[in-house]
Structure formats: C-alpha cells, structure tokens
There are 2 protein chains.
Amino acid sequence: MENNRYKNIPHKTIERLSQYRRALQIAAEKGKTNIFSHEIAALLHITAVQVRRDLMLIGYSGSLRKGYDINDLIHLIGELIDSPKGQKVAIFGMGDLGRAIINYFQGKREKLQITVGFDINPEKTNRKIAGIPCYHLEKITEIISNEGIKIGILTVPGDQADETVRLMVEAGIKGILNYTPTPVEVPDDVYLEEYNMISSLEKVAFYVKEKG
Amino acid sequence: MENNRYKNIPHKTIERLSQYRRALQIAAEKGKTNIFSHEIAALLHITAVQVRRDLMLIGYSGSLRKGYDINDLIHLIGELIDSPKGQKVAIFGMGDLGRAIINYFQGKREKLQITVGFDINPEKTNRKIAGIPCYHLEKITEIISNEGIKIGILTVPGDQADETVRLMVEAGIKGILNYTPTPVEVPDDVYLEEYNMISSLEKVAFYVKEKG
DNA sequence: TCCATTTTGTTATTCATTTAACAGTGCAAA
DNA sequence: TTTGCACTGTTAAATGAATAACAAAATGGA
C-alpha cells in the first residue's frame, strides 16, 4: 500500500537514529569498523536494548560476534533519513538565534543545508549574513518555489510567528521547526516540530527546586 | 512522606504549564480576566481536555460559568514552577548560540536570570558579553558557589561537553540544559535536559521526505 | 565434542501520556 | 419550574514508548 517501509517507526527512534549516526561517524573517524549495541548505548547514555530495538525497526542486522558494521549502518541510516539529492533549508528571522543556528550548522550536515534567510528589517536584507543570502520576506514565494525549498526554521519574534507561518505554508514549505515561544498551527500535510527554550529552562528550574 | 505535593506531575505537564502561563499573561495584558479551557487550548493548539486535566493535576478549580480566573492561575503556576527568590542561571560557552540565548532571555522571565557566562577563550573572558559578565572556566567553583547558582546552560563545542559537565557538577550545578550535540551523563541528584538541534531538523527533514 | 560466554533479535510487559467518555453544576430562557 | 446548554472535573480507555525477558546463534576453550 505505501511505497515506503518506514511509516511505522516511532518519532523518538528517528531522533535517536540521527544521534546514532553522529556517534558512528565519530567512531569511524577513530578507525573503528565494528561496534556493539552496548557501545553505542554507552556513547549516548541509553540502554543497549533500546539501540537493538531501534535497529531492528529499520531492519538492520549485525553480526553476532562482531556487532554492527559501522559503515553499513551509517549508510543505512543515511538512506532512511536523508534525501538522496539533499534538502535545502530556509531560515525565517535573522536575529541572534537565526544567525546562531546558521553558524551552528555550517558544514555539519552535507545533505541538509541552510541556503537562504528571510527577514523584514531592510538592514538585514539583500545581503549575506553568516555566509548566506538574505531577502525580504515579501520575496518568499519567488525564492522558496524557485529553489524548491521544503523546510523552514522559524526564529522570528513571537508576535510574528502566525503570520510568517501562513506565508511559509502558502509558499510551499512542508516542514517547520518552530523556535518561537508562540505555538503555531499548520495544515495536515505540513510537518511541525516546536521547541520552546523558555519552557525547557523553566522545567529544569522546577526539578532543581523540587530536588533541593 | 514528601514535603511537596507536586512530585507526581508528568514532565510534559510541567512544560505545558510554562506555556499556559505565557498565554495567560498575554491574555491578561489584553484586559481579559477570565478564560475557558477551550480558549487556552486554542492558543496552544492542543485540546481543551488536556488543559483541564493539567489544571486538575495542580489542584486548580475554575468557575463553571466564567472559566478560570487568569490572575489566580498565573499566580498558582508561578507558585508551582518558580522559586520564591528567583534562580540564577549560568551559561557555559559564549559562542553564537550562547550569546543568542542570553539575548533571547533578556527580560523574559523575572524569576530566572542568566547572570554569568563562562568560556575558555581569553578574548571572551573578563568582560561583559551581551550584557553579562564572563569569566574563564577555571573560576567556575569560586563563582558558582559564591553566587549560589544551581542551573547551567551548556553551549560549548561538542568535544568539550563531557569535561565541562564534570566541572559544572563538581561546582554544585544541579540542573543542566545541554544544547551540545554530545549526550552527557550526570549523577542522580542532577537534573538533565538535552536538546539536539540537528536531530530535530533531521527529523523534520525525514517527515517532509516521507510525506512528499 | 560439548559447555560457558557473549551478543543479537524479538516478543511481552510495564510505564507514561493522551484521548475519550461522562457525571455534575449553574445559568438562562421557555 | 423545568429544560437545554455550555462548561468543569474526573475516571476509564487507548496509544505510544521504554524496559524486561528470553530464545537463538556463534565462538573459544575445557
């Protein structure tokens, strides 16, 4: 029925696969060729069972005596989570956070590149910021559709979140990572991931208070 | 047995309470005094049942006809998640992300203030950055214990994460928000929250690919 | 040869969280 | 009054995720 075999993988597993890959790449750089589930687990501070279960879900089998072949596994995870041609990412809001994210990503992931930024401040448009070209938000439709960009990171001020998301969706963005403190809504065919930094910090503060 | 009544509140509820409060504050600024569960739900794009269930868990009761009293509820959430005197927060790693977080937080939360930063780069120490004083990491014990800081945000490069966390724990930090791509480990009496930006973006990319 | 060890792959169980169901209540209008 | 409506508060069911349990396989050594 579906043309892909991965529809039923839990969201949390997808996140971990991304982390497994990073750990595996570091291990590979150190010259390691094989790795056991408990070694991966130790690197991520999770359990070996969880690693094996995740790998089972993507249909990868290791060898009983040598564990998993690092290069094979990196390759398989890549096949699962990357797009073959790579995906371009746009960033909306060139404030401190936006620029920090761009710098943070530079060169980190070959298949996922932030290629353009948008802002409404004339001082931040029609020039390069942190190495990427930035345009006024009014050019969104033109640029997003020309470049075939499907993924957007939202870092505008909270009170502009709703309107910016509306424009993003209209322009054809299909996946949004929302870093504003404002929850937004998207149509069913757009994937939304929200992260609220303040909530996270308040959560930490709460548990620190409770433990003390 | 326990001296607090909130030990059994789900983690996810704590996160949402922080978001409820923000939404309530905005509503209050607009002159609203009462609010229904379905109105809060609409603001956060969640369900009214979930709002009511969360509020039930913290023992707050609304009025059948007028809904919830906004000021009461803001106050109650504050009592639950804030410390009466406020809590100071230190940031470790004064790179782009560290500075962005500081600017992002400025004046946002009265009870939670980033008051000091640490780095190992001499160019970034013994001066103010983004308005807060920054010191060399070797002063950590002195400053953290003098100031009574219990919460730390980690934004150092991934390969320095483990060592920095070790120092943080040693210096008395009891809650860590880890924004590096490296998972870290802490003793049982330290609360750890990790967020991996790259995993999040790769997750978005994965679901965009799958839907398309 | 056979036994102990170590590891994988998978099913079963437990735990956490969300969603659904519904009883109870107060007001307003007939 | 009484009926209907629009809420709240709470218990029950369903879903999602992590953990536990264990069979099966491969190796090395007794």
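Note on naming: letters A, B, ... go to the chains in the order of the sequence lines (proteins, then strands), and numbering restarts at 1 for each one.
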Examine [N]: is either OP1 or OP2 under 4.0 Å from a nitrogen or oxygen in the side chain of [X]? Give yes or no.
{"X": "Ser61(A)", "N": "dG9(C)", "answer": "yes"}
{"X": "Ser63(A)", "N": "dT8(C)", "answer": "no"}
{"X": "His38(B)", "N": "dC7(D)", "answer": "yes"}
{"X": "Arg52(A)", "N": "dG9(C)", "answer": "no"}

Please determine whether the number of non-hydrogen atoms from other residues, nucleotides or ligands lying under 6.0 Å from atom NZ of Lys66(B) exceeds 12. no
Rounded distance (Å) that lies between atom [atom2] of [N] and atom [atom1] of [X]:
{"X": "Arg65(B)", "N": "dA6(D)", "atom1": "CZ", "atom2": "C1'", "answer": "6 Å"}
{"X": "Met56(A)", "N": "dA24(D)", "atom1": "CE", "atom2": "C1'", "answer": "15 Å"}
{"X": "Glu15(B)", "N": "dA16(C)", "atom1": "CD", "atom2": "P", "answer": "16 Å"}
{"X": "Lys66(B)", "N": "dA28(C)", "atom1": "NZ", "atom2": "P", "answer": "12 Å"}
{"X": "Asn34(B)", "N": "dC7(D)", "atom1": "CG", "atom2": "C1'", "answer": "13 Å"}
{"X": "Arg16(A)", "N": "dA17(D)", "atom1": "CZ", "atom2": "C1'", "answer": "8 Å"}
{"X": "Leu57(B)", "N": "dA16(C)", "atom1": "CG", "atom2": "P", "answer": "14 Å"}
{"X": "Gln50(A)", "N": "dA17(D)", "atom1": "CD", "atom2": "C1'", "answer": "8 Å"}

In terms of side-chain heavy atoms of [X], which of [options] is nearest?
{"X": "Leu64(B)", "options": "dT25(C), dT11(C), dT8(C)", "answer": "dT25(C)"}
{"X": "Pro10(A)", "options": "dA17(D), dT8(C), dA12(C)", "answer": "dA17(D)"}
{"X": "Lys12(A)", "options": "dA18(D), dT11(D), dC7(D)", "answer": "dA18(D)"}

Are any of the side-chain heavy atoms of Tyr68(B) and Tyr60(B) separated by less than 4.5 Å? yes
Please determine, by modelled atom types, if Tyr104(B) and Asp96(A) share a side-chain donor-acceptor pair under 3.5 angstrom. no
With a non-hydrogen cut-off below 4.0 angstrom, is Thr13(A) in contact with a base, only sugar-phosphate, or nothing? nothing
Parallel, tilted or perpendicular: which one describes the rings of Tyr191(A) and Tyr207(B), with boundaries at 30° and 60°? parallel
Measure the acute angle between the ring planes of Tyr195(A) and Tyr195(B), then classify it against the limits of 30° and 60° as parallel, tilted or perpendicular. parallel
Quick check: on DNA chain D, is the nucleotide nearest Val49(A) upstream (toward 5') of the one nearest Ala48(B), or the reverse? Name the residue that is more 5'. Ala48(B)
Please evaluate the base of dT19(D) for a donor-acceptor partner in the side chain of Arg53(A) within a cut-off of under 3.5 Å? yes
